[in-house]
Enquirer: 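For reference, the structure I am asking about is given below.
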Amino acid sequence: MLSLTLPSPSLHPCARPRLSDPPRPPLPVVVAAAASRRKRSEDDYHTTIKSLNSKGRHTPRKSLGQHYMLNSSINEELSNVAGVEEGDVVMEIGPGTGSLTNVLINAGATVIAVEKDPHMATLVRDRFGCTDQLVVLQEDFTKCHIHSHLNSLLENKNSVGIKPRYAKVVSNIPFNISTDVVRQLLPMGDIFSEVVLLLQDETASRLADCSLRTSEYRPINIFVNFYSDPEYKFKVERTNFFPQPNVDAAVIRFKLKQVLDYPPVASPKSFFSMVILDLHSFHVNSAFNGKRKMLRRSLQHICPSLEIEAALKNVGLPVTV
Ligand SMILES: C[S@@+](CC[C@H](N)C(=O)[O-])C[C@H]1O[C@@H](n2cnc3c(N)ncnc32)[C@H](O)[C@@H]1O
């Protein structure tokens, strides 16, 4: 005969002690924290599909880049690449069914998850209902006030003495907001130490592997290298997602620089106005506009050619460069 054994209530993370329970000796802080967190099991193909089929909506939304991760070892790797550990604060963009969220929580992090789709926000909230390790914000990340959300969480951690000085970002993001995410997060070295993203493979290589003085080096590379040290970590085949996208993905890590480590420019704003026209779209102007033009001509909208020539001489470049 099949017999089902219910887990002991005292093992459940939400279980409260009963009056009839015998008194327990106090646990050391680290052990107590780990014990209060029962490891939730890994997500695989079946759990992800089951979770998507729950609550009556089945079809992933293309407009929101909903390609769900089916391979929990890739989620583990994402967390490892960011070195997520007990007490960390991690921001996750687009938790979806919560498969990566689960890994981050199991690693001991407090997760602040920003999900645009109200259906998925409810799903992930319900999944982790009783934990204090998760805050779900139903918001569009590209319009989110990250500093205000993060600062209060980091301050709370600080007050109990286990504040990591910086938070981390670990996310499998919709490919269509990659540029927005990079533009928004990389200048935030004051609150994040690293940003680990699962992006379209081609985008990840373009952001991490381009070297100066090659034709692939674009304005966005100047931006990325100004604010961070990027590193392409590994490729993720498209077969790991549901529904399967038309392209492969890859994990990239950006180690964010502190303000003191930025290249020495008078102000980042005026520097970027010289090399890039529009930081929102990375449309080019200025130095990148017309690579065959002389700089003294293409930068004329910033200051007179004579001043540009003097500046070029000052750094040892020919005035016709
Ligand atoms: C590629 S799926 C990843 C889901 C989940 N993290 C996983 O690995 O299976 C992207 C998720 O981001 C959400 N999303 C799309 N656009 C968003 C935005 N602008 N802000 C926040 N979340 C967004 C989608 O609803 C979806 O849940």
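Order of appearance sets the numbers: ligands from 1, and atoms from 1 within every ligand. This chain uses plain numbering: 1 for the first residue, then up along the sequence.
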Enquirer: Considering non-hydrogen atoms of the protein only, which is the closest contact for atom 4 (C) of ligand 1, and what is the distance?
Expert: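 That would be Gly94 O, 3.4 Å.
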Enquirer: Give me the residue, atom name and distance of the protein heavy atom closest to atom 20 (N) of ligand 1.
Expert: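 The protein heavy atom lying closest is Phe141 N, 2.9 Å.
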Enquirer: Identify, by atom number and element, the atoms of ligand 1 in contact range of Met69, meaning under 4.0 Å from any of its heavy atoms.
Expert: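 In order of number, 7 (C), 8 (O), 9 (O).
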Enquirer: Below 30° counts as parallel, above 60° as perpendicular, anything between as tilted: where do the rings of Tyr262 and Phe226 land?
Expert: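 Answer is tilted, since the angle falls between 30° and 60°.
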Enquirer: Could you check Arg297, Gln300, Arg296 and say which one makes a side chain to side chain donor-acceptor pair (under 3.5 Å) with Ser305?
Expert: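 The option that passes is Gln300.
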Enquirer: Below 4.0 angstrom from a heavy atom of Val114, which ligand 1 atoms are there? Numbered from 1 as shown, please.
Expert: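 Counting atoms of ligand 1 from 1, those under 4.0 Å from Val114 are 21 (C), 22 (N).
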Enquirer: Tyr68 heavy atoms, cut-off 4.0 Å: which ligand 1 atoms fall inside?
Expert: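 That gives atoms 4 (C), 9 (O) of ligand 1.
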Enquirer: Using heavy atoms and a 4.0 Å limit, tell me yes or no: is Leu100 in contact with ligand 1?
Expert: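 For ligand 1, residue contact (heavy atoms, under 4.0 Å) with Leu100 is absent.
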Enquirer: Look at ligand 1 and say whether Glu139 reaches it with a heavy atom at a distance under 4.0 Å.
Expert: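 Heavy atoms of Glu139 do come under 4.0 Å of ligand 1.
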Enquirer: Of all residues at least two apart in sequence or in a different chain, which pass the salt bridge (charged side-chain N to carboxylate O under 4.0 Å, His left out) check with Asp126?
Expert: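 Applying salt bridge (charged side-chain N to carboxylate O under 4.0 Å, His left out) to Asp126 gives Lys55.
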Enquirer: What protein heavy atom sits nearest atom 7 (C) of ligand 1, and how far away is it?
Expert: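 Here the nearest protein heavy atom works out to Asn172 ND2, 3.4 Å.
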Enquirer: Any donor-acceptor pair under 3.5 Å linking the side-chain atoms of Ser51 with those of Thr48?
Expert: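 Their side chains do not contain a donor-acceptor pair, so the 3.5 Å distance test is not met.
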Enquirer: Provide the number and element of each atom of ligand 1 under 4.0 Å from a heavy atom of Gly65.
Expert: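 In order of numbering, the contacting atoms are 1 (C), 2 (S), 10 (C).
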Enquirer: Out of Leu198, Ile74, Leu70, which residue meets the side chain to side chain contact (heavy atoms under 4.5 Å, CB included) rule with Asn240?
Expert: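 When Leu198, Ile74, Leu70 are each tested with Asn240, the side chain to side chain contact (heavy atoms under 4.5 Å, CB included) holds only for Ile74.
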Enquirer: Going by distance only, is there an N or O of Thr142 that falls short of 3.5 Å from an N or O of ligand 1?
Expert: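 No, since none of the N or O atoms of Thr142 sits under 3.5 Å from an N or O of ligand 1.
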Enquirer: Among all the protein's non-hydrogen atoms, which is closest to atom 5 (C) of ligand 1, and how far away is it?
Expert: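 Its nearest protein heavy-atom neighbour is Pro95 O, 3.3 Å.
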Enquirer: Write out the residue and atom name of the closest protein heavy atom to atom 15 (C) of ligand 1, then the distance separating them to 0.1 Å.
Expert: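 Answer for atom 15 (C) of ligand 1: Leu64 O, 3.1 Å.
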Enquirer: Relative to the heavy atoms of Asp117, which atoms of ligand 1 are at a distance of less than 4.0 Å?
Expert: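 Answer for ligand 1: 25 (O).
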Enquirer: For atom 27 (O) of ligand 1, which candidate among His67, Glu115, Met120 provides the closest heavy atom?
Expert: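 Among His67, Glu115, Met120, the closest heavy atom to atom 27 (O) of ligand 1 comes from Glu115.
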Enquirer: Look only at the side chain of Ser171 and the backbone of Ile173, and say whether a donor-acceptor pair between them is shorter than 3.5 Å.
Expert: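 Side chain of Ser171 to backbone of Ile173: no pair is present.
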Enquirer: How far is atom 19 (N) of ligand 1 from the closest protein heavy atom, and which atom is that?
Expert: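 Going atom by atom, the protein heavy atom closest to atom 19 (N) of ligand 1 ends up being Asp140 OD1, 2.8 Å.
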Enquirer: Need the ligand 1 atom indices (1-based, order shown) with element for anything under 4.0 Å from a heavy-atom of Glu92.
Expert: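 Contacts of ligand 1 toward Glu92, numbered from 1: 6 (N).
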Enquirer: Looking at Leu100, is its backbone amide N or carbonyl O close enough to the side chain of Glu92 to form a donor-acceptor pair, meaning the two atoms are under 3.5 Å apart?
Expert: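 No, Glu92 side chain to Leu100 backbone: no donor-acceptor pair under 3.5 Å.
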Enquirer: Would you sort out whether His145 and Glu139 count as a side chain to side chain contact (heavy atoms under 4.5 Å, CB included), showing the intermediate values?
Expert: CA-CA 10 Å; His145 294 284; Glu139 280 185 47; 5.8 Å; no
Enquirer: Give me the residue, atom name and distance of the protein heavy atom closest to atom 23 (C) of ligand 1.
Expert: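 Of the protein heavy atoms, Lys116 CB, 3.7 Å lies nearest.
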Enquirer: What's the shortest distance from atom 14 (N) of ligand 1 to any protein heavy atom, and which residue and atom give it?
Expert: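 Its nearest protein heavy-atom neighbour is Pro174 CG, 3.8 Å.
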Enquirer: Are the side chain of His67 and the backbone of Gln244 linked by a donor-acceptor contact shorter than 3.5 Å?
Expert: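 It does not hold such a pair.
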Enquirer: Using a strict 4.0 Å cut-off to heavy atoms of Gln66, name the atoms of ligand 1 that fall inside it.
Expert: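 Result: 24 (C), 25 (O), 26 (C).
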